[in-house]
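Below, read A as the first sequence line, B as the second, and so on, with proteins coming before strands; counting in each chain starts at 1.
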Amino acid sequence: MQRYVLTRLLLMVPTLLSVAVLIFVLVRVVPGDIVELRMVLGGSYVTPQVLAAERARLGLDRPLWAQFAAWMTGIVRGDLGLSMWSGEPVAKEIALRLELSLQLAVMATLLATAIAIPLGTVAAVYRGRWPDHLVQVFSVAGLAVPSFWLGILIILFLLSVFRYLPPLTFTSLWENPRANLAQLIWPALAVGYRYSAVATRMTRSALLEVLREDYIRTAWAKGLERRTILRRHALRNALMPVVTVIGLEFAFLIGGLVVTEQVFNLNGIGKLIVDAIAQRDYTLIQGLLLLVATAYVLVNFLTDLLYAWIDPRVAYQ
Amino acid sequence: MPRVRWGTAAAGLVVVAALLAAPVPVDAQQPRRGGTLSYAVSALPPSFDAHRETTFAMIHPIRPHYNLLVKFDPQNYPKIVPDLAESWTSSRDGLTWTFKLRQGVKFHDGAVLTSRDVKASFDKIIFPPEGVVSARQAIYQGVRAVEAPDPQTVVFRLKWPVPSFLEKLASPFNWIYKADILARDPRWYERNVMGTGPFRFVEYVRGARWVGRRNEDYFERGKPYLDGYTALFISSRSALIAALKSGQVLIEFRGVSPAERDDIVRTLGPRVNVQEQPWLCNLIVAFNTRRKPFDDARVRRALTLAVDRWSGSRALSQIAFVGPVGAVMRPGSEFAMPEAELVRLAGYGRDIAQARAQARALLREAGVPEGFGFTLKNRDVQMPYEPVGIFLVDQWRQIGLNVQHVQQETAKYLADMRAGDYEASVDFACDFIDDPDVQLAKFVSSDVNPLNYGGYIDRQLDLLFVQQSRTADRAKRLEIVRRFERRLLDEQAYVMYVLWWQRIIPHWRTLQGYKTTTNHYVEPDLAEYWLAEGSQ
């Protein structure tokens, strides 16, 4: 197992390095100029000398390889550089938003898991009967309805019926749990519902597969209780693909809630990515995309570890 | 002894009694202290230094921490009123401007403001040191030196008399910084706040909110009225409108679309007040004169002739925040072209059928084939760019042209404009001042101002620009401005003005003392605003 963990950790280095090169190249081939965006877009007349001086100050007049080398050197030292838009350290910009995005991702994941596993199990057990149909309707609707649209519906409903809008400013969970939950519960619901629909379907199909296995038939033949068969034999083995889906979806949620964050005015990582791209804030985009890539790689790694824990045979393969 | 007119007196008494008996409308309240104003800002400030930025996103949240030397009166724009300067005089030849400062103005760190601070601030704006960016340096080319002969006096010495010099000094971006700080680090203000303004800085949560609280030591006795303010950064339109409707914010100082206004009014009814005003922003079409057939003035004239601005204004103002028809100088401003003169410019006549016939003839004369096609590049910003782009495509179709409307993400759009990779493009200009130096600068030859993306060289325009800029006599200056406008829009038609913008500002009635102006830069002056009783 130790060897397995070590190999996986070492493999992360070339993966992330390739990702870094890819991110740097992709970001730089996109047309647009941060200096013009921030200085000309206001409509005022700015002299070309001023624009050139600003480009030089940001190091944008240096060759691309030199800019990449400077970025890589910084990363090795643990420094993601300064945002070209705000002048603040990229790490600080990300850290400010990470708490919100992580919390929202965790809340949506917990909500989705809490809904998906029981519902998926019910659907599988009652396959072809009315509880299954009900769950199918629930999950198909969840897949069909984009979470941002559900978010807009939630806001409209709260606003028109209760004249209430979730607070627009983020309060940390540790500072004021009530205010924090009042803000995040609604987007977590909107996102968690769609997420639960994916996981419900996955649980159902995985469980149906497992329930057809010989060892389950043996368990029935041995006269084990239905609950025991489901919990100890079927569900544990069916969870493998479900864990994969939940893991990848969780990684996606950290940076992927762009539209939902816009709808609820949440100051999260998704919104920061959109702003950074629109502003051509190269250093910030690079830092953010590297973070998202790292999150995916790490979550994948942890998911694999979880596999090994669920099914010890995995670690030896 | 005058005779008493009993009838008149009785009528007067009735009016007075009626006035006393009538419920006092919220708008008639006297200013009161207290409360925190929450408002929305729809973009993020790039830095905190007004001398280097051009965006309202920095002005709106941070301006309340600072004062200017002189300022536009937000209640009577464009009147100039004292701010840190108590009074000023100009020499007879217009080459020396002397300002006397108020006594006892304190920075938020307790230091007393002197003329040294004002000089250091304007030196940074007009003569920025190496590595320091000043976005407005170009409009002060006529300034020779700034002097501080004694602690209460600031003197500006000019190279030539500069019309509208006072208005230029009143730029809402000319915040007065502390000289000692600038001497230590001229870029300190990019990331820090320390002024003399009515509100002290409390916190900035990046991308979320900016908070200020009342400066108890403010030099204007009794002001500000508010205890504090919170500027909430809300970039999504739906979230912004929801925030306004729910009362989490009372105002957004930039503007909303007609549809958003109607939505807010439907929800809030009498609790909301809507103020509208022509906006010092416009939509222009720039033609790439380096490309055929746009290198031919006849083609450009034909394109501008084909557009029915008057009916376009009526229709588009229902769905987008555009409306006023005008030339280069804002309609309604002291520099605006009178309508009698305006209708003589290509594309501004009332007889659109005749104008379009003329346009077709010009195209034939220029050898442009029937059904000629080209691309109109536009920003992918919905309001007001998209509807105006669609309108233009339709107008040009009426003279047999086939136009493809290409909407691009802003950064790509700007990159293409700079590279000259376009045929015709929807361009824009916004500013805080109607002064021709500012409004005309965009249109001088591209080797003088590379931000003129059209790529034309026209020394006549360059000459007219310099002439008007150095002509102190108002009437003469206006005459030169007219010649510039006629050459730009009519004779050469290098660009065409489509429509000017219309500002629509809905705000909760609980916000008092607020009055819209022609632009979204001279606001918000939070020192003047207060919250109606019972609102907090």
Heavy-atom proximity to chain B below 4.5 Å, by part of [X]:
X        : answer
A:Leu165 : both
A:Leu96  : side chain
A:Asp275 : side chain

Task: Closest heavy-atom pair and its distance - B:Ala243, B:Ile234 - done: CB-CD1, 3.8 Å
Compute both the distance and the angle, then confirm whether [X] meets the cation-pi test with [Y]: under 6.0 Å from the six-membered ring centre, within 45 degrees of the axis.
X        : Y        : result
B:Arg209 : B:Phe233 : no
B:Arg379 : B:Phe428 : yes
A:Arg28  : A:Tyr282 : yes

- [ ] Classify the side-chain pair B:Trp210/B:His60 by whether it contains a donor and acceptor separated by less than 3.5 Å.
- [x] no
If we define contacts as heavy-atom pairs under 4.5 Å, which of [options] has the most with chain A?
options                                : result
B:Ser246, B:Gly247, B:Ala415           : B:Ser246
B:Val205, B:Thr410, B:Val249, B:Leu240 : B:Thr410
B:Lys412, B:Gln137, B:Arg206           : B:Arg206

TODO: Please state whether the side chain, the backbone, both or neither of B:Arg237 comes within less than 4.5 Å of a heavy atom of chain A.
DONE: neither
